[in-house]
Asks: 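The structure's right below; bear with me while I get my questions together.
Keep in mind it's a predicted model, so treat the numbers as computed, not measured. All chains are named by letter (A, B, ...) in the order of the sequence lines, taking the proteins before the strands, and each is independently numbered beginning at 1.
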Number of protein chains: 2
Amino acid sequence: MAEPANRPDLAAMIVPLGRSLMAAEQPILAAHGLTMWAYVVLSHLSATPTRTQAALADAIGADRTRIIGVLDELQQRGLIRREPDPADRRVRLLSLTAAGRHLRETVSAAIQANEERLLAALAPADRRALLRSLRTLADLPRERLAGTD
Amino acid sequence: MAEPANRPDLAAMIVPLGRSLMAAEQPILAAHGLTMWAYVVLSHLSATPTRTQAALADAIGADRTRIIGVLDELQQRGLIRREPDPADRRVRLLSLTAAGRHLRETVSAAIQANEERLLAALAPADRRALLRSLRTLADLPRERLAGTD
DNA sequence: TATTGTTATACTCTATAACTATA
DNA sequence: TATAGTTATAGAGTATAACAATA
């Protein structure tokens, strides 16, 4: 049996921290006319070329009906391309434009600069361990997190 | 100038992780007839005696009108006490009953047992560093997180 | 007049259901 | 018939405004 872990729940530390980080991003995003979802979309397309809108929605944890307005605006602003796939005209191939890639890099740099300010509160070794650990946990398959395995 | 930090945004790792952790808590909470907010209230009252409902709401990041229904049910189930302060009859003094304290401990143990399963994916040193770092970041004053200082 | 708690209302976000077009 | 995308609608969650009691 595990000894009684005398610590706050992991979720109780992580969820409010996530909320605060999101709140800290808000002004940066607003300065570039982006909503949080728009930024998430840009980031995901930047990292992972995605074929269908449904796959994109699933990957970023959004409902597929909800990203449509987001994509509409990103396309209208020339930040993404959304072209019918010649091989299957039902699907819209999604990709970043040069402008979209550039904007995403600019915003990401600003966001990470703010985050660096916070990470400065940690000892360098802890900071590295934190990022490494978060990556490990974030990469766990969802079933493992949910405990359904 | 800081070198380009080649990492995902902190928020992009933490927020989905928090969502997953919350989802993992859901069945445990439901098994004990608790909503997330109810559990948050029990946990906070367990750790920090709180005088007014407004202070409680503020501390847990909820709107003060929103916890009323939560408190109603917790009180009705005999998990918390909510007594008018004799010194100022506007305020309701909040405290856990023995039953409330016990339930909170039971649920917390179950939640942390699941979390231990996840933390097992980390090297022991990383695990310690993660918890230490999260605590440090979670304890930062909100203004520092928000970058308004 | 200001504050605690409460209720009623409006708003935002999100998910569900129904539709169009392709396959 | 099944799937990608879309639109319209309904639902949950949240915040705002107005109120009663007390200070």
Asks: Any sub-3.5 Å donor-acceptor pair from Arg77(B)'s side-chain atoms to Gly33(B)'s backbone N or O?
Replies: yes
Asks: Counting C-beta onward and ignoring hydrogens, is there a side-chain heavy-atom pair between Leu140(A) and Leu17(B) closer than 4.5 Å?
Replies: no
Asks: With a 6.0 Å cut-off (strictly less than), is the heavy-atom count around NE2 of His102(B), excluding the residue itself, greater than 12?
Replies: no
Asks: Just to verify, which of Leu42(A), Ile67(A), Thr35(A) counts as forming a side chain to side chain contact (heavy atoms under 4.5 Å, CB included) with Leu74(A)?
Replies: Leu42(A)
Asks: Any donor-acceptor pair under 3.5 Å linking the side chain of Thr97(A) with the backbone of Gly78(A)?
Replies: yes
Asks: Where the side chain of Asp85(A) meets the backbone of Ala87(A), is there a donor-acceptor pair that is under 3.5 Å apart?
Replies: yes
Asks: Just how far, in rounded Å, is C1' of dT4(C) from CD of Glu83(B)?
Replies: 17 Å
Asks: Can you tell me if Ser108(B) uses its side chain to pair, donor with acceptor, with the backbone of Arg104(B) under 3.5 Å?
Replies: no
Asks: Asp9(B) side chain to Ala11(B) main-chain N or O, any donor-acceptor pair under 3.5 Å?
Replies: no
Asks: How do Asp88(A) and Gln53(B) order along DNA chain C: which one's closest nucleotide is nearer the 5' end?
Replies: Gln53(B)
Asks: Using atom CD1 of Ile80(B) as one end and atom C1' of dG5(C) as the other, report the distance to the nearest whole Å.
Replies: 14 Å
Asks: Toward the 5' end of DNA chain C, which comes first, Ala55(B) or Pro86(A), by nearest nucleotide?
Replies: Ala55(B)
Asks: For nucleotides 8-21 of chain C, read 5' to 3', which letter fits each nucleotide if B means a protein heavy atom sits under 4.0 Å from the base, S means only the sugar-phosphate is that close, and - means neither?
Replies: ------SBBB----
Asks: How long is the line joining CG of Asp85(B) and P of dT4(C), in whole Å?
Replies: 12 Å
Asks: Between which nucleotides of DNA chain D, 5' to 3', does chain B make heavy-atom contacts below 4.0 Å?
Replies: dT14(D) to dA23(D)
Asks: With sugar-phosphate meaning primed atoms plus P, OP1 and OP2, does Arg82(B) contact a base, only sugar-phosphate, or nothing at under 4.0 Å between heavy atoms?
Replies: sugar-phosphate
Asks: Return the value, rounded to whole Å, for the distance between atom CD1 of Ile67(B) and atom P of dT6(C).
Replies: 9 Å
